[in-house]
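Working notes for the structure below.
By convention here, the first residue in the shown sequence is residue 1. Keep in mind that this is a model prediction, so the values were computed, not measured. Counting starts at 1 for both ligands and their atoms, in listed order. Computation of the quantities below employed the complete heavy-atom set of this structure, encompassing side-chain atoms and omitting hydrogens, waters and symmetry-equivalent molecules.
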Amino acid sequence: MDKVAVIGAGISGLALANKLKKHFEVVVFEKSRGYGGRVATRRAGEFIFDHGAQFFKVKTDEFREYIKPMIDQGVVDIWKARFVEIDNGKITNNRIWGDDPSNYIGTPSMNSIGKYMADGLDVRLSDKVANVAQGTKWELYDEAGANIGEFDWVVSAIPPKQVIEMIPDVINLYSKISSYEMLACYSLMLGYEEKMDIGFDAALIKGADISWLSVNSSKLPGANNTTFLIHSTNKWASQNIDRDRDWVKGYLCNELSNLVPIKTESANYIGLQGWRYANIKKQNNIEFFLDKDNKFGLCGDWFVQGRIEAAYLSGSHLGDQMLIS
Ligand SMILES: Cc1cc2nc3c(=O)[nH]c(=O)nc-3n(C[C@H](O)[C@H](O)[C@H](O)COP(=O)(O)OP(=O)(O)OC[C@H]3O[C@@H](n4cnc5c(N)ncnc54)[C@H](O)[C@@H]3O)c2cc1C
């Protein structure tokens, strides 16, 4: 059996690993402590925040089929949020999200999806791949320069700028990878011990440096506290990604107070996550990359669109091609 190293346990890497697991010996390397990549959840004491992807849509039958067992097992549910659109401080649209089309969430939190997908796989957490070198086989090295394995195939399922830092330029897509521009995003997290109702659960915001506000605790029916999750616009975050984090918190809290009657100064918890590679606009390009001669592949949302379904399809379709190679 050929050995495959998958770098990255986000949705694309896990989708790929699941496709290959019966036919290859698959090892997934993940630099962080959890599964799911940008489909992430932060716990701060009693407060829970989905600080990456907040929910997802399903557009293809293939992905609908894939998530069906997750729905049946209670890993994924529909978010029936009270949704509004806010344009320059005014609510312009107001509706309840329903069954069709559905907006799905992981239950009890988004990271349940990565945990489900990683079940039964050999995933090495907290194991960052720093370098990939081509000898008679692919050799992987960690940050200390130690060899962490030799593999017949390597697939990188991480954002493009991070791929370039790691792979040798024998790969024939190498020069094109740098043209994929990913946008940044900040996630501001506010936790309050008491229950609050601001009249809606999720808001798409225009005309501000904030693009999204959700009452994250509305996803948890039994929650006895309130958590707010705020995403900055990609444009503002990309301009300010290297700023001091306390300054960013202060700026976004102020921006939020101008939009909704939330007293940010009385929050019991304030957290911030800066995503340098958060999102990419829709691409009209290949879904993945496979160099069969070098036994090297690339997948990830960045080939398609910054969406969970896109990441899944990129990894899954690369797996299909590897199985017929
Ligand atoms: C703030 C934010 C909001 C979003 N909102 C939505 C939304 O509402 N709906 C939606 O559908 N999508 C949303 N997305 C996009 C969605 O999260 C992504 O499209 C999808 O999760 C990408 O999956 P991926 O597998 O391609 O990449 P990633 O999730 O980035 O996975 C890559 C993995 O590789 C790991 N890694 C990186 N480098 C190394 C290394 N050297 N060694 C080992 N491991 C490494 C990372 O830790 C990560 O786990 C959002 C994203 C962000 C950041």
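The aromatic rings of Phe55 and Trp97 are tilted relative to each other, their planes meeting at an angle between 30° and 60°. Note: His51 and Trp275 have tilted aromatic rings, judged against thresholds of 30 and 60 degrees for the angle between ring planes.
For atom 32 (C) of ligand 1, the closest non-hydrogen atom on the protein side is Ala157 O, 3.3 Å. At the shortest separation from atom 41 (N) of ligand 1 among protein heavy atoms lies Val129 O, 2.8 Å. Regarding atom 48 (C) of ligand 1, its nearest protein heavy-atom neighbour is Glu30 OE1, 3.5 Å. Scanning all protein heavy atoms for the shortest distance to atom 51 (C) of ligand 1 gives Ala278 O, 3.6 Å. The protein atom (non-hydrogen) at minimum distance from atom 43 (C) of ligand 1 is Lys31 N, 3.3 Å. When hydrogens are left out, the protein atom nearest atom 18 (C) of ligand 1 is Asp301 OD2, 3.4 Å; that is the closest non-hydrogen contact. Looking only at protein heavy atoms, the nearest one to atom 14 (N) of ligand 1 is Ala53 CB, 3.8 Å. The single protein non-hydrogen atom nearest to atom 36 (N) of ligand 1 is Ile158 CG2, 3.5 Å, given as residue, atom name and distance.
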- Let me see the working for Trp138 and Glu150 under side chain to side chain donor-acceptor pair (under 3.5 Å), right down to the final yes or no. CA-CA 5 Å; Trp138 286 106; Glu150 295 196 348; over 6 Å; no
- Item | Derivation and outcome, side chain to side chain donor-acceptor pair (under 3.5 Å), residues Lys195 and Asn224 | CA-CA 6 Å; Lys195 286 194 86 162; Asn224 57 10; over 6 Å; no
- Query: Do Asp127 and Lys31 pass the salt bridge (charged side-chain N to carboxylate O under 4.0 Å, His left out) test, and can you show the C-alpha distance, the side-chain angles, and the key distance before you say yes or no?
  - Reply: CA-CA 5 Å; Asp127 212 345; Lys31 73 175 178 183; over 6 Å; no
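Residue-to-ligand polar distances place Ile308 within reach of ligand 1: an N/O pair is separated by less than 3.5 Å. For ligand 1, the polar-atom distance check against Arg38 finds a nitrogen or oxygen pair separated by under 3.5 Å. By the 3.5 Å distance cut-off applied to N or O atoms, Arg307 is counted among the residues near ligand 1. Ligand 1 has an N or O atom lying under 3.5 Å from an N or O atom of Ser12, backbone or side chain. Checking only distances, Gly52 never comes within under 3.5 Å of ligand 1, N or O to N or O. Geometrically, ligand 1 and Met166 share no nitrogen or oxygen pair separated by less than 3.5 Å. Residue Asn279 has no nitrogen or oxygen atom sitting less than 3.5 Å from a nitrogen or oxygen atom of ligand 1, judged on distance alone.
Contact detail for Asn294 and Gln134: the closest heavy-atom pair is OD1-NE2, 2.8 Å.
Cation-pi geometry between Lys3 and Phe151 is satisfied (NZ or CZ under 6.0 Å from the ring centre, within 45° of the ring normal).
Atoms of ligand 1 found under 4.0 Å from any heavy atom of Cys185, numbered from 1 in the order shown, are 1 (C). Below 4.0 Å from some heavy atom of Asp127 lie the following atoms of ligand 1, by number and element: 43 (C). Within ligand 1, counting atoms from 1 as listed, the ones closer than 4.0 Å to a heavy atom of Val39 are 21 (O). Of all the atoms in ligand 1, the ones that sit under 4.0 Å from a non-hydrogen atom of His231 are 1 (C), 3 (C). Near Ile7, the atoms of ligand 1 lying under 4.0 angstrom from a non-hydrogen atom of the residue are 40 (C), 42 (N), 43 (C).
Between Phe288 and Phe303, the distance from one ring center to the other does not fall under 6.0 angstrom. Remark: aromatic rings of Tyr192 and Phe228 are close, center separation under 6.0 Å. Within the 6.0 Å centre-distance limit, the rings of Tyr66 and Tyr312 are counted as a close aromatic pair.
Pro159 has its side chain within reach of Arg38: a pair of non-hydrogen atoms, C-beta onward, lies under 4.5 Å apart.
When hydrophobic clusters are built by joining Ile, Leu, Val, Met, Phe, Trp and Tyr residues whose side-chain heavy atoms come closer than 4.5 Å, directly or via intermediates, Met110 is not grouped with Leu272.
Heavy atoms from other residues, nucleotides or ligands lying under 6.0 Å from NZ of Lys68 number 12 at most. Remark: Glu65 CD is loosely packed, at most 12 non-hydrogen atoms of other residues, nucleotides or ligands lying under 6.0 Å away.
Under the 4.0 angstrom criterion for non-hydrogen atoms, Leu14 is not in contact with ligand 1. Using a non-hydrogen distance threshold of 4.0 Å, Ala310 does not register as a contact of ligand 1.
The heavy atom nearest to atom 7 (C) of ligand 1, considering only Phe55, Phe29, Phe56, is found in Phe55. By heavy-atom distance, the residue among Cys299, Gly306, Gly300 lying nearest atom 15 (C) of ligand 1 is Gly306.
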